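Step one of this worksheet: look at the structure below.
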Amino acid sequence: MNKESAAALKGKKKQILENWMANQLKDAALRDDLMSVSELQQQSEEFLSTLLKAFASPNAEDTDSAGYESIHDILSEISITRARQGFSPRETSAYILSLKEVLSQVLEDRFKDETAILYREIISMNKIMDSLSLVTMETYIKGREEVILRQTNEMSEISTPVIRVWEGILALPIIGTLDSARTQVVMEALLEEIVATGSRIAILDISGVPTVDSLVAQHLIKTVSAARLMGAECIISGIRAEIAQTIVHLGIDLTNIYTKATLASALKMSFSMLSIQVSKAAQNGPVGSKQNFGF
């Protein structure tokens, strides 16, 4: 981009900003629920001012040059913020592409009688804006990956609650696939709760685990071993018929681990191991009378 084009664009800064804002505001996909018009105006004005300065730099076509460092910083902040706010990739890329249209119109008006120069300057400007658009999308993707990773970690913590079901008895219902990273979360949560409560029994309920293969079984065995080192015995409940068949077919040895078909059976076994007897009031008997519950 030559100096004459940079000067022409700088001289039309106010018009460019107005037309750019008009393009953004008329877009049906504009998310005014995520960003106010005043915020968009301020953001756009800051970016445009910095961009016009970069156009006037010696290496205007090289978007990796020092003249574009501030542009990259602004675009990174915009893209990451939009990724966290929930803007779509289309909405984020439209921010740059809608400006390219306005810049092209200014150059066409300036060089309408000089076709060769106009062609060269439009190509140069498009090259710059397309490169900046790629920077925007790359940063947006990184921002979305950060959001997804944070949400995944939060979901892992939420989906592995350690419940104190009785004095000395903990239950940890596992829902979803059990991989190495999740096993570490499960193990840490369980061991911390064992230490905090001094519990002697921990029930790992896998009713919500879709499939159990050799890898999942190894993760369960590691968790049981870690709990035993802390002085707690583990019972694995939720062993469905298809899971039992799979475990036998794979030759997985769970003979040293207590297993039960249901959480209720595991709880009953826990009471027995701790010599706890649970009673309930007789339904038809006098108030205060007790009836053995069978544990």
Side-chain angles (χ1 to χ4, degrees), residues 145-280 292-295:
E145 288 175 347
E146 291 176 3
V147 172
I148 292 171
L149 180 60
R150 174 174 54 80
Q151 292 175 340
T152 300
N153 291 336
E154 290 175 354
M155 287 296 293
S156 295
E157 294 174 1
I158 293 172
S159 61
T160 54
V162 182
I163 305 166
R164 188 177 183 183
V165 294
W166 207 274
E167 184 70 31
I169 303 175
L170 300 176
L172 197 160
I174 302 173
I175 301 173
T177 304
L178 195 63
D179 55 18
S180 298
R182 183 127 184 265
T183 300
Q184 187 65 31
V185 174
V186 168
M187 196 179 299
E188 289 177 359
L190 181 61
L191 297 182
E192 287 176 3
E193 198 64 21
I194 289 174
V195 172
T197 62
S199 298
R200 294 170 51 196
I201 305 290
I203 302 173
L204 302 179
D205 186 74
I206 61 172
S207 301
V209 178
T211 57
V212 174
D213 54 19
S214 57
L215 186 59
V216 171
Q218 290 301 319
H219 290 321
L220 290 173
I221 292 172
K222 288 180 181 179
T223 303
V224 172
S225 299
R228 283 175 174 170
L229 290 174
M230 301 299 296
E233 190 59 67
C234 280
I235 303 172
I236 299 178
S237 66
I239 306 291
R240 304 186 300 275
E242 58 270 24
I243 289 180
Q245 292 177 10
T246 302
I247 290 174
V248 171
H249 179 72
L250 293 174
I252 299 169
D253 185 13
L254 298 180
T255 53
N256 295 324
I257 299 175
Y258 297 108
T259 59
K260 289 294 179 180
T262 65
L263 181 59
S265 299
L267 186 57
K268 181 178 179 179
M269 184 178 185
S270 301
F271 288 153
S272 177
M273 293 170 69
L274 296 179
S275 300
I276 297 174
Q277 188 174 31
V278 179
S279 300
K280 69 176 181 179
N292 191 282
F293 195 66
F295 295 156

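Treat the numbers as computed from the prediction; the structure is a model and nothing was measured.
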Item to complete: Report the distance from atom CG of Leu172 to atom SG of Cys234, rounding to the nearest 0.5 Å.
Response: 9.0 Å
Practice prompt. Specify the closest pair of heavy atoms between Ser207 and Arg240, including all atoms of both residues, with the distance to one decimal.
Written response: O-NH1, 2.9 Å
Item to complete: Would you give the length of the straight line joining atom CD1 of Ile236 to atom CD1 of Ile203, rounded to the nearest 0.5 angstrom?
Response: 11.5 Å
Worksheet item: Atom CE in Met187, atom CG in Leu220: separation rounded to 0.5 Å?
Response: 9.5 Å
Worksheet item: Does the side chain of Ile221 reach to within under 4.5 Å of the side chain of Ser225, using non-hydrogen atoms?
Response: yes
Worksheet entry | Pairwise distance OG1(Thr223) to CG(Leu190) - rounded to 0.5 angstrom | 7.5 Å
Response to the item:
CG (Leu204) and CG (Leu263) are apart, to the nearest 0.5 Å, by 11.0 Å
Fill in: Residue pair Val186 / His219, side-chain heavy-atom distance below 4.5 Å
no
Discussion item. Can you tell me how far apart CD1 (Ile235) and CD1 (Ile257) are? Round to the nearest 0.5 Å.
Written reply: 11.5 Å
Worksheet item: In chain order, what residues pass the side chain to side chain contact (heavy atoms under 4.5 Å, CB included) check against Leu274, with sequence neighbours excluded?
Response: Ile169, Arg200, Ile201, Ile276
Fill in: Closest non-hydrogen atom pair between Ser237 and Ala266, with its separation
CB-CB, 3.7 Å
Discussion item. Could you report the tightest heavy-atom contact between Ala226 and Leu191, atom names first, then the distance?
Written reply: O-CD2, 3.6 Å
Fill in: Minimum heavy-atom distance between Ile243 and Gly238, given as atom pair plus value
CD1-O, 4.2 Å
Worksheet item: Between Ser272 and Lys268, is there a donor-acceptor pair closer than 3.5 Å when you use the side chain of the first and the backbone of the second?
Response: no
